[in-house]
Amino acid sequence: MIAPSILSADFARLGEEAAAVADADWLHVDVMDNHFVPNLTLGLPVVKSLHAATDLPLDCHLMISDPERWAVGYAEAGAYNVTVHAEAITGDPVRLAGRLRDAGAKAGLSLKPGTPLDDWSEVLRSYDTLLIMTVEPGFGGQSFQHEMLAKIRQARSLVDTGHLNVVVEVDGGIAEDTIALAAEAGADCFVAGSAIYGADDPGRAVGALRRLAASAR
Ligand code: DX5
Ligand code: ZN
């Protein structure tokens, strides 16, 4: 699956930018609060408008503090998948996943590059999506951290052995020169911002990335 990140899109034309990647699988929406990460993007009102403007399933990546307070609102706003950061959770992560599912969304958990998968492998049994960050969250256009391939392989093996039942999603630095590596390591879903919205034709870029991932798998 390919999930274009609108972080690299034109925020004044989000409806058109979503339409330009209509063949994608998910539309990745980076929510940043200038607290959990040092950058500020968009929030619930924009997600509500985007949901009304596109048929693409919205994949909301919440890079925010206090997800217990805010995350369920994104599920209620119609997000298909709501991903919170493990490092931001202060309460019971299993209960938070249940609240997201009760509100009608898939529950996602994201790990920053420095956060070990081992610390979260039991909790992840209650989640639908594991978002492995392959850059430090906060900004688009960074370089893929090759050291994260081991974490992707570990996640793939936890799924293949039946310990987890999650979509393994990767985010950060995914482009034509890196997507095959992440696919070989076992990722199922690929977020790409600058590689898609920086291209002359974002729709064609989605197709090119999908073909590269499929042949590597
Ligand atoms: C970074 C965001 C990413 C970002 C990826 O914190 O979570 O989704 O848009 O951008 P690229 O694909 O340019 O690395
Ligand atoms: Zn993201």
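Ligands are counted one by one from 1 in listed order, and the atoms in each one are counted from 1 as well.
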Is there a donor-acceptor contact under 3.5 Å linking the side chains of [X] and [Y]?
{"X": "Thr83", "Y": "His61", "answer": "no"}
{"X": "Asn81", "Y": "Thr129", "answer": "yes"}
{"X": "Gln154", "Y": "Asp118", "answer": "yes"}

Worksheet item: For Leu40, which fellow cluster members are found when Ile, Leu, Val, Met, Phe, Trp and Tyr are connected by side-chain heavy-atom distances below 4.5 angstrom, either directly or through intermediates?
Response: none
Discussion item. Show me the pairs that pass side chain to side chain donor-acceptor pair (under 3.5 Å) and involve residues 134-144, at least two apart or across chains.
Written reply: none
Worksheet entry | Heteroatom count (protein N, O or S) under 2.8 Å of the Zn ion (ligand 2) | 4
Item to complete: Considering non-hydrogen atoms only, spot the tightest contact between Pro113 and Gln145 and give its length.
Response: CB-OE1, 3.5 Å
Item to complete: Measure the CG-OG1 distance between Leu14 and Thr54 for me, rounded to the nearest 0.5 Å.
Response: 10.5 Å
Worksheet item: Which parts of the protein, at residue level, reach under 4.0 Å of ligand 1 through a heavy atom?
Response: Ser5, Leu7, His28, Asp30, Met32, His61, Met63, Met133, Pro137, Gly138, Phe139, Gly140, Gly141, Asp171, Gly172, Gly173, Val191, Ala192, Gly193, Ser194
Worksheet item: Does NZ or CZ of Lys112 fall inside the cone over Phe36's six-membered ring, less than 6.0 Å from its centre and within 45° of the axis?
Response: yes
Item to complete: Taking the side chain as every heavy atom from C-beta outward, state whether Asp33 and Met63 have any atom pair closer than 4.5 Å.
Response: no
